[in-house]
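The figures that follow rest on heavy atoms only: side chains count, while hydrogens, waters and symmetry mates do not.
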Amino acid sequence: MSRDRRRAATLAEIKAAARRLLVSGGTPAVGLRAVARELGLTPPALYRYFPSHDALISALIADLYDELTTALLSLQAGDIELGERLYLLANGLRDWALAHPAEFGLVFGTAVPDPEDGEHEATPGHQAAMRFGGLFKELVAQIWHQQPFPHPADEELGTVLVEQLTAESEHFHGMPAGAIYLSLNYWTRLYGLICMEVFGQLHWVLPDAAAYFEAQLFEIGQALGLDCPAPE
């Protein structure tokens, strides 16, 4: 085995060990010394692969984002309607989150660096997060350009918010501020619901939140002018 292949294999082993610790003990369990013990290495040996705890966490987050992105992409193969694509993406995210609560907690519970700090853009975790986010941005842009949906006018949102949303227009393929605002509303609505379900905050009223999620998704699809599957 070549030196590069040996290094790649060791990196994979380290991240696999970190993930096992994450699943068994949560984010606080993923320390460099704990990972080194898991693999029978000394901490200095581990530093040759990951110079800091942040570097290891960023690499693990990148792998998890890419795993999730790949899983979601696999659900959209073939020529499918935009409503079905939204349905598959949203439910795919929920399914992955419920099947991997510890991983979901790390990926979506880790603070996002200040966008004014340009250094974070080079990290594996940030780049993988952008690939994941691109799935939903591209979808909503396709929906908008195929059939623009009603959205608030700029004067309803205020100058400060409109300026921030307009600055993101390029990432949403030229959508206006009001359409981005509405898309962000729907994203936080679904994401927030998934978070509450994963972390056990809905059991007091919904022992099984699947039907509620389906109803919310159908409502969002209708607002966007899509033909989404109706709740059962």
Side-chain angles (χ1 to χ4, degrees), residues 64-100 104 107-108 112 128-158 161-162 164-199 201-202 205-232:
L64 294 171
Y65 262 127
D66 283 341
E67 177 185 305
L68 173 56
T69 301
T70 298
L72 295 181
L73 284 171
S74 71
L75 299 174
Q76 322 179 59
D79 185 19
I80 58 177
E81 297 291 332
L82 293 178
E84 185 179 358
R85 187 176 168 200
L86 173 63
Y87 181 87
L88 291 173
L89 279 179
N91 275 288
L93 174 58
R94 175 178 175 269
D95 290 344
W96 189 88
L98 291 173
H100 306 91
F104 178 81
V107 170
F108 293 97
V112 177
M130 293 303 99
R131 290 191 289 273
F132 164 76
L135 293 178
F136 290 90
K137 289 179 180 178
E138 289 168 12
L139 173 58
V140 76
Q142 279 187 294
I143 295 170
W144 166 259
H145 288 294
Q146 176 176 290
Q147 181 178 319
F149 43 83
H151 60 79
D154 287 359
E155 54 268 24
E156 297 177 50
L157 301 177
L161 180 55
V162 168
Q164 293 181 76
L165 295 172
T166 301
E168 292 297 312
S169 180
E170 181 181 351
H171 299 295
F172 284 85
H173 302 275
M175 289 170 58
I180 297 173
Y181 167 82
L182 206 59
S183 303
L184 184 60
N185 277 1
Y186 294 147
W187 164 249
T188 55
R189 183 170 161 184
L190 291 177
Y191 167 68
L193 179 53
I194 291 171
C195 285
M196 292 187 72
E197 185 178 8
V198 169
F199 300 126
Q201 299 299 317
L202 288 174
V205 65
L206 296 173
D208 179 1
Y212 184 62
F213 188 82
E214 296 282 332
Q216 292 289 307
L217 187 54
F218 180 70
E219 189 175 304
I220 289 171
Q222 284 193 311
L224 295 175
L226 299 175
D227 184 17
C228 286
E232 295 183 0

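- With values rounded to the nearest 0.5 angstrom, Met175 atom CE is found 10.0 Å from Leu165 atom CG.
- Annotation: the span from Leu206 atom CG to Gln201 atom CD amounts to 12.5 Å, rounded to 0.5 Å.
- Within a 6.0 Å radius of CG in Asp227, other residues, nucleotides and ligands contribute 12 heavy atoms or fewer.
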- May I have the step-by-step check of side-chain contact (heavy atoms from CB on, under 4.5 Å) for Leu82 and Leu224, ending in yes or no? CA-CA 10 Å; Leu82 293 178; Leu224 295 175; over 6 Å; no
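- Rounding to the nearest 0.5 Å gives a distance of 12.0 Å between CG of Asn185 and CD1 of Ile180.
- Residues Ala128 and Asp66 share a closest heavy-atom pair of CB-OD1, 3.6 Å.
- The two atoms that bring Leu161 and Leu157 nearest to each other are CB-O, 3.7 Å, heavy atoms only.
- Shown here for Ala209 and Leu202, the closest heavy-atom pair between the two residues is CB-CD1, 4.1 Å.
- Pairs engaging residues 165-193 under the salt bridge (charged side-chain N to carboxylate O under 4.0 Å, His left out) rule: Arg189-Glu219 [sequence neighbours left out].
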Q. Can you list the steps and then say if Ile194 with Phe213 is a side-chain contact (heavy atoms from CB on, under 4.5 Å)?
A. CA-CA 8 Å; Ile194 291 171; Phe213 188 82; 3.7 Å; yes
Which pairs of donor and acceptor atoms, one on a side chain in residues 93-100, lie under 3.5 Å apart (sequence neighbours left out)?
unit_1 : atom_1 : unit_2 : atom_2 : d
Arg94  : NE     : Glu197 : OE1    : 2.8
Arg94  : NH2    : Glu197 : OE2    : 2.8
Trp96  : NE1    : Glu67  : OE2    : 3.1
His100 : ND1    : Trp96  : O      : 3.0

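- The aromatic rings of Tyr191 and Phe104 sit tilted relative to each other, their planes meeting at an angle between 30° and 60°.
- In this structure, Leu89 and Gln76 have side chains that are in contact, with non-hydrogen atoms separated by less than 4.5 Å.
- Interatomic distance, CD1 of Ile220 versus CG of Leu86, reported as 7.5 Å (0.5 Å rounding).
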Take Val107 and Leu68, measure what side-chain contact (heavy atoms from CB on, under 4.5 Å) needs, and give me the verdict at the end.
CA-CA 10 Å; Val107 170; Leu68 173 56; 5.9 Å; no
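- Counting non-hydrogen atoms of neighbouring residues, nucleotides and ligands closer than 6.0 angstrom, the OH atom of Tyr186 exceeds 12 such neighbours.
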Can I get a per-line list of side-chain donor-acceptor pairs under 3.5 Å for residues 135-153, giving both atom names and the distance, sequence neighbours left out?
unit_1 : atom_1 : unit_2 : atom_2 : d
Gln142 : OE1    : Arg85  : NH1    : 2.2
His145 : NE2    : His173 : O      : 2.8

